[in-house]
Amino acid sequence: MAPKTLRGTVRALIAPALALAATVGPASAPAHAAVWNSCDQWGNTTLDGYILYNNVWGSGAGSQCVWAKSGTNWGVWADHPDTGGIKSYPNSKKVINKPISSLSSLTSTYRVTVPSAGAYNTSYDIWDTDHDYEIMLWVNHHGAVGPLGTAQGTVSLGGHTWNVYKGNNGANEVFSFLRTSDSTSGTVNILPVLKWIKDTKGWMGDETIGDVQFGYEITSSAGGLDFRTDSLTVSGG
């Protein structure tokens, strides 16, 4: 797999300009009763306390459009070529901005509809405010995709059982938790995962958690595929 790079706002500053079409024609993308949509590479908006971000950042990307009925009901149409390397991470983000030790809870629920073709993962991407640490929670994946780093064993945390990987992409540490079976809906108790990394493994200190993102890390979706977040909640503090 290709090396991972920073996601979110930091990525927007360091990623190279991509040769993307400015828009996708109405016949290409599905129609939705959306209150917002964008086919811009870095298109973003804030709805209901969540920040939505189209976030097409990888080299060799094709076209992608995001639509939203709300901050917690949104989706993506993406047509990325069948080549290696992550092309995008469209996501909805909740800002937390609290140290791990100050959090009394941090939970999320999700329900998604994902394609049976292409190469992608559906994942949470959790960042500290300094972007030194990235915690990924993969709830499902399909096709030729895999985590960064080396296997660290299996652990049951937050209501799920995960295969754990630890690596570094040259900019930050990456801890990836891959659910041992794919899921399209559920509840994740995120705080025990953070405490396990901090207290049990000692892989990071009392970091301030900045963003909890949820979205689709897409490697390929040739011909155009739909990814839909039917519902999402992120709560805690």
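- Looking only at atom types and distance, the side chain of Asp230 has a donor-acceptor partner in the side chain of Thr113 under 3.5 Å away.
- In this structure, Lys166 places its NZ atom where more than 12 heavy-atom neighbours from other residues, nucleotides or ligands lie under 6.0 Å away.
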- From CA spacing to verdict: side-chain hydrogen bond (donor to acceptor under 3.5 Å, both in side chains), Thr109, Thr233: CA-CA 5 Å; Thr109 64; Thr233 66; 2.6 Å; yes
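- Defined by atom type and a distance below 3.5 Å, a donor-acceptor pair is present between the side-chain atoms of Ser156 and Thr161.
- Here the side chain of Asp40 pairs no donor or acceptor atom with the backbone of Trp42 at under 3.5 angstrom.
- When Phe177, Tyr216, Trp162, Phe214 are each tested for a ring-ring contact (aromatic ring centres under 6.0 Å, His included) with Tyr124, only one passes: Phe214.
- In this structure a side-chain-to-backbone donor-acceptor pair under 3.5 Å is present from Asp128 to Tyr133.
- In this structure, Ser104 contributes its side chain and Gly237 its backbone to a donor-acceptor pair below 3.5 Å.
- No donor-acceptor pair under 3.5 Å is formed between the side chain of Ser220 and the backbone N or O of Pro81.
- Remark: Tyr120 OH to His80 NE2 distance equals 14.0 Å, nearest 0.5 Å.
- Side chain of Tyr50 to backbone of Val234: a donor-acceptor contact under 3.5 angstrom is found.
- A donor-acceptor pair under 3.5 Å is formed between the side chain of His142 and the backbone N or O of Ser116.
- Side-chain atoms of Tyr110 and Thr122 form no donor-acceptor pair, as typed in the model, at a separation below 3.5 Å.
- In this model, a donor atom of one side chain and an acceptor atom of the other lie less than 3.5 Å apart for Ser101 and Asp206.
- For the residue pair Arg179 / Ser181, a side-chain donor-acceptor distance below 3.5 Å is found, with atom types taken as modelled.
- In this structure, the side chain of Asn55 does not engage the main chain of Tyr53 through any donor-acceptor pair within 3.5 Å.
- For the atom pair NZ of Lys87 and CG of Asp79, the computed distance is 11.0 Å after rounding to the nearest 0.5 Å.
- Taken to the nearest 0.5 Å, the CG atom of Leu191 stands 8.0 Å off from the CD1 atom of Ile100.
- Residues Asn163 and Thr154 have side chains that bring a donor and an acceptor to within less than 3.5 angstrom of each other.
- Remark: side-chain polar atoms of His160 are not paired, donor with acceptor, to backbone N or O of Thr180 under 3.5 angstrom.
- The closest side-chain donor-acceptor pair between Thr107 and Ser235 falls under 3.5 angstrom.
- No side-chain donor-acceptor contact under 3.5 Å links Asp211 to the backbone of Trp127.
- A side-chain contact (heavy atoms from CB on, under 4.5 Å) with Gln64 is found for exactly one of Ser221, Ser88, Ser38, namely Ser88.
- Proximity of the aromatic rings of Trp203 and Trp196 is defined here by a centroid distance below 6.0 angstrom, and this criterion is met.
- Relative to the ring axis of Trp74, Lys69 does not place its NZ or CZ within 45° and under 6.0 Å from the centre.
- Between the side chain of Asp130 and the main chain of Asp132, no donor-acceptor pair closer than 3.5 Å is present.
- Considering all non-hydrogen atoms of both residues, Pro90 and Val76 come closest at CB-CG2, 3.4 Å.
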